[in-house]
J.: 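Got a structure for you, written out below as structure tokens; questions coming shortly.
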Amino acid sequence: MDLNLRNKVAIVTGGSKGIGLGIVRSLLAEGCRVINVNRSTEDGLRLEAEYAANGQECVFVQGDLTLVSACENAVQTALERFGQIDILVNNAGVNDGAGLAAGVDAFVTSLQRNLIHYYAMAHFATAALKASQGVIINIGSKVCDTGQGGTSGYAASKGAINGLTREWAVELADDGVRVNAVLPAETWTPLYERCLAEMPDPATARADIERLIPLGRRFTTIEEMADMVVFLASPRSSHTTGQIVYVDGGYTHLDRKCTAPDVSDFGAADAH
Ligand code: NAP
């Protein structure tokens with residue numbers, strides 16, 4: 001399927017690792033030009049050179065997205081470099097464990113890490129996205145539906161991201177700008193690897209999680225996340241807006257029985 005994304009300009013936040021890295025690679029493979037906003041200069045420049053050697057254009061913009069100035073700079077750089085923005089992928093975030101005991105300062109810091117830059121990026125890019133009749137894709141988390149415990153700031157941010165997806169879809173509909181969210185549950189990334197590494201037995205912890213994922217009893221890959229994002233970024237999804245799409249192997253919504261082998265299957269109620 002031709003996604004008609006050739007020469008489109010995309011900004012991806014947190015595109016040097018994990019899901020963001022998968023999204024950047026897929027957008028480049030579809031012929032997009034990409035701005036990758038990330039903290040680590042070493043990673044960003046290495047990837048920029050790697051893509052260039054492959055004939056692909058991915059400009060690294062160094063910045064810590066908790067600073068509003070970094071968000072504004074990323075949008076400005078995209079416009080100076082390419083003159084347009086067609087796609088904004090808000091992806092960077094961290095499940096930072098700011099729970100009820102952590103206090104208000106930690107909660108606000110978590111919102112800055114996970115939520116405020118989603119708004120800031122959209123705010124600074126709005127005029128350009130209206131001009132291109134572009135798209136916004138927000139990466140959320142199933143934590144907004146399920147909770148997790150001990151991570152108030154992250155859960156609040158992810159809940160707000162769903163709300164903003166619908167809000168922006170309404171606000172920008174008359175301008176032809178589409179806004180959707182893609183939600184992972186358990187995607188294998190450096191973030192996830194770091195979380196499990198803190199457990200006493202990471203391999204067992206990983207196997208325990210995989211048992212809970214109905215489709216294939218395995219983590220989602222970054223490529224599977226990216227495939228949904230490029231589809232939603234493309235004109236092939238031209239009448240899809242305000243949607244919250246779960247790419248999670250059925251983790252969030254399917255009947256608990258399908259991952260609990262010890263529970264009897266009572267089936268549907270007898271109609272007689
Ligand atoms: P990851 O492996 O840690 O990658 C995140 C990338 O974003 C890294 O390159 C990181 O840069 C960058 N980043 C984070 N905060 C930043 C900031 N303030 N400024 C600039 N760059 C920043 O994470 P991931 O697992 O791919 O997660 C990506 C998104 O998916 C997040 O929104 C996360 O909440 C969501 N998600 C993931 C899962 C999962 O199973 N993996 C589940 C639910 C939701 P550094 O290299 O400098 O750290």
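Whatever order the structure lists them in is the order used to number ligands and atoms, beginning at 1.
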J.: Taking everything shown except Asp105 itself, do over 12 heavy atoms lie less than 6.0 Å from its CG?
T.: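 Incorrect, the count does not exceed 12.
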J.: Taking 4.0 Å as the limit for heavy-atom contacts, which would you say applies to Glu186 with ligand 1: side chain only, backbone only, both, or neither?
T.: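 Under 4.0 Å from ligand 1, Glu186 contributes backbone atoms alone.
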J.: Strictly under 4.0 Å, does any heavy atom of Ala185 approach an atom of ligand 1?
T.: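 It does; at least one heavy atom falls under 4.0 Å.
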J.: Could you tell me the residue and atom name of the protein heavy atom closest to atom 38 (C) of ligand 1, and the distance to it rounded to 0.1 Å?
T.: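 That would be Pro184 CG, 4.0 Å.
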J.: If I apply the N/O under 3.5 Å rule, does Lys142 come out as touching ligand 1?
T.: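 Not met; the criterion fails.
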J.: Side chain, backbone, both or neither: which part of Lys158 has a heavy atom under 4.0 Å from ligand 1?
T.: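 It is the side chain that touches ligand 1; the backbone stays farther off.
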J.: Any chance you could measure Thr187, atom OG1, to Ile222, atom CD1, to the nearest 0.5 Å?
T.: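 These two atoms lie 9.5 Å from each other.
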J.: Begin with the C-alpha distance, continue with both residues' side-chain angles, and end with the deciding distance and a verdict on side chain to side chain donor-acceptor pair (under 3.5 Å) for Asp145 and Tyr246.
T.: CA-CA 11 Å; Asp145 295 310; Tyr246 295 77; 2.5 Å; yes
J.: Got an N/O contact under 3.5 Å between Ser141 and ligand 1?
T.: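 Looking only at distances, the answer is no, because the N/O contact criterion of under 3.5 Å is not met.
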J.: Mind checking whether Asn38 has a heavy atom under 4.0 Å from ligand 1?
T.: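 Yes, that is the case, since the closest heavy atom of the residue is under 4.0 Å from the ligand.
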J.: Checking contacts here: is it the side chain or the backbone of Asn91 that comes within 4.0 Å of ligand 1, counting heavy atoms only? Could be both or neither.
T.: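 Under 4.0 Å from ligand 1, Asn91 contributes backbone and side-chain atoms.
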J.: Pick one of side chain, backbone, both or neither for how Tyr154 approaches ligand 1, counting any non-hydrogen atom pair under 4.0 Å.
T.: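 Within the 4.0 Å criterion, Tyr154 contacts ligand 1 through side-chain atoms alone.
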J.: For atom 3 (O) of ligand 1, tell me which residue out of Asp64, Leu191, Ile209 has the closest non-hydrogen atom.
T.: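 Minimum heavy-atom distance to atom 3 (O) of ligand 1 goes to Leu191.
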J.: Backbone, side chain, both or neither: what part of Tyr118 comes under 4.0 angstrom of ligand 1, heavy atoms only?
T.: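 For Tyr118, only side-chain atoms sit under 4.0 Å from ligand 1.
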J.: Per the salt bridge (Lys or Arg N to Asp or Glu O under 4.0 Å) rule, what does the pair list look like for residues 20-42, sequence neighbours excluded?
T.: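 Qualifying pairs, neighbours excluded: none.
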